[in-house]
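Since this is a predicted model, take the numbers as computed values, not measurements.
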Amino acid sequence: MSEVKKFNLRAVVNATFDKALESQQPFAIATVERLRRVHPDKSPAELIKVVNKYYLGAVTATGAGAGAAAITPNLAVQVPVAIVELGTFLEASVLYTLTVAEIHGLHLEDIERRRLLVTAVLVGNTAVSATLESLLGRTVPFWGKKIVSSIPMATIDAANKILGPRFITKYGTRQGILVLGKQVPLAIGVAIGAGGNNVFGHLNIKAAKTILGPPPASWDLVAEFSADANGVAAEPFPVDLTTSTD
């Protein structure tokens, strides 16, 4: 266990996440453009299903690979492998979230708004909704679409400060547990890696759906939403918004 701590997994998580938030945004935009060229007849909802499939396949495969590589009963080998796998998982998850947001017509140019949305998906909607409710007095279903046009930057910053430690703790602890669990025979080690990533991937997909809500029915509506949401300066929530039933 001392070797796991030596690598300071939480610091690695933090640095990897920050880097991914910066680097994956242009890839998300390019991914949506490419998928629309490859699948010109698919609606936004259908394209999200394609993205979901690719995302789950990618994170499950990397988890299985790490599980197979980390079975040697030597933490000096296992920890570096696990750190690489964690970085791949986080980058894929950031790219996934930003890609789905782009399909919804939500262009997150401001990195702190980007951070709140992606953190929300990875931490889970319930904790984030509770945080926003404590800051705003109320929150709304599908609040993710409000972060560009409705949630003021002061609230974004405050939410990120509260949620950041939860995110680091969750993923730092998660990876430490999975590293130690991979000191088992090959088949079980692969199952732990693939199964763990598959479960986390499904949870992220569910959270993204809850936070962003159903996508617009057509690409014309995506364009309309994008023009409205991204062309309006952020203002506080209207006073008549109903409380979320998360």
Side-chain angles (χ1 to χ4, degrees), residues 21 24-58 92-122 124-126 128-129 132-133 136 138-153 155-156 159 201-246:
L21 286 174
Q24 296 302 321
Q25 178 68 5
F27 285 110
I29 295 171
T31 296
V32 175
E33 292 175 348
R34 180 178 61 81
L35 288 175
R36 289 191 65 184
R37 289 194 302 270
V38 174
H39 304 285
D41 298 328
K42 290 190 181 296
S43 67
E46 290 171 332
L47 207 64
I48 287 176
K49 290 182 180 180
V50 173
V51 174
N52 290 350
K53 181 179 179 180
Y54 284 150
Y55 169 61
L56 279 178
S93 299
V94 171
L95 177 59
Y96 167 76
T97 303
L98 296 178
T99 298
V100 173
E102 287 290 328
I103 293 174
H104 278 262
L106 190 61
H107 309 307
L108 299 170
E109 296 182 2
D110 187 288
I111 192 168
E112 292 306 318
R113 296 183 189 277
R114 202 182 305 161
R115 183 187 304 278
L116 178 57
L117 178 65
V118 178
T119 299
V121 169
L122 296 181
N125 179 61
T126 300
V128 181
S129 294
L132 288 177
E133 186 171 353
L136 293 166
R138 64 185 65 212
T139 186
V140 292
F142 314 138
W143 62 264
K145 291 185 177 181
K146 301 289 184 181
I147 66 174
V148 170
S149 61
S150 299
I151 302 181
M153 182 55 71
T155 301
I156 298 286
H202 275 289
L203 290 174
N204 292 342
I205 289 172
K206 181 180 179 181
K209 183 178 180 180
T210 301
I211 291 165
L212 290 170
S218 69
W219 292 107
D220 287 340
L221 292 175
V222 170
E224 290 179 15
F225 172 79
S226 179
D228 291 341
N230 297 285
V232 180
E235 298 294 341
F237 275 135
V239 295
D240 61 345
L241 290 176
T242 58
T243 303
S244 172
T245 56
D246 183 21

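Closest non-hydrogen pair, Ala207 versus Val121, comes out as CB-O, 3.5 Å. The minimum heavy-atom distance between Leu95 and Ala28, with the atom names listed, is CD1-N, 3.5 Å. What you find for Gln24 and Val94 is that their closest heavy atoms are CB-CG1, 3.9 Å. The shortest non-hydrogen separation linking Leu122 to Ser93 is CD2-CB, 3.6 Å. Closest of all the heavy-atom pairs between Pro215 and Pro44 is CB-CB, 4.1 Å. The minimum heavy-atom distance between Ala159 and Leu116, with the atom names listed, is CB-CD1, 3.9 Å.
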> Tyr96 and Ile205: side-chain contact (heavy atoms from CB on, under 4.5 Å), yes or no, with the steps?
Replying inline: CA-CA 9 Å; Tyr96 167 76; Ile205 289 172; 3.4 Å; yes
>> Checking Glu112 against Arg115 for the salt bridge (charged side-chain N to carboxylate O under 4.0 Å, His left out) test, could you report, in this order, the C-alpha distance in whole Å, the side-chain angles of both residues, the deciding distance, and whether it holds?
In response: CA-CA 5 Å; Glu112 292 306 318; Arg115 183 187 304 278; 3.3 Å; yes
> What do the steps show when you test Leu35 against Tyr54 for side-chain contact (heavy atoms from CB on, under 4.5 Å), and what is the final call?
Replying inline: CA-CA 11 Å; Leu35 288 175; Tyr54 284 150; 4.1 Å; yes
>> As a quick check of understanding, evaluate side-chain contact (heavy atoms from CB on, under 4.5 Å) for Ile211 and Leu117, giving each step before the final call.
In response: CA-CA 8 Å; Ile211 291 165; Leu117 178 65; 3.8 Å; yes
> Does the side-chain contact (heavy atoms from CB on, under 4.5 Å) test come out yes or no for Val128 and Thr119, once each step is laid out?
Replying inline: CA-CA 8 Å; Val128 181; Thr119 299; 5.6 Å; no
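Side-chain contact between Leu132 and Thr155 is present, with heavy atoms from C-beta onward closer than 4.5 Å. Counting only heavy atoms from C-beta outward, the side chains of Leu47 and Trp219 approach each other to under 4.5 Å. Counting only heavy atoms from C-beta outward, the side chains of His104 and Lys145 approach each other to under 4.5 Å. A heavy-atom distance below 4.5 Å is not found between the side chains of Lys49 and Lys53.
Checking Glu102 against His107 by side-chain atom types alone, a donor-acceptor pair falls below 3.5 Å. Checked by atom type, the side-chain pair Glu109/Gln25 shows no donor-acceptor distance below 3.5 Å. No side-chain donor-acceptor contact under 3.5 Å links Thr99 and Tyr55.
With rounding to the nearest 0.5 Å, the separation of CD1 in Ile156 from CD1 in Ile111 is 13.0 Å. In this structure, the separation between CG on Asn204 and CG on Leu56 is 9.0 Å, given to the nearest 0.5 Å. Rounding to the nearest 0.5 angstrom, the gap separating the CG atom in Leu106 from the CD1 atom in Ile147 is 5.5 Å. Note: Ile48 CD1 to Lys42 NZ = 12.5 Å, rounded to the nearest 0.5 Å.
No donor-acceptor distance shorter than 3.5 angstrom exists from the side chain of Arg113 to the backbone of Leu108, with no hydrogens or angles considered.
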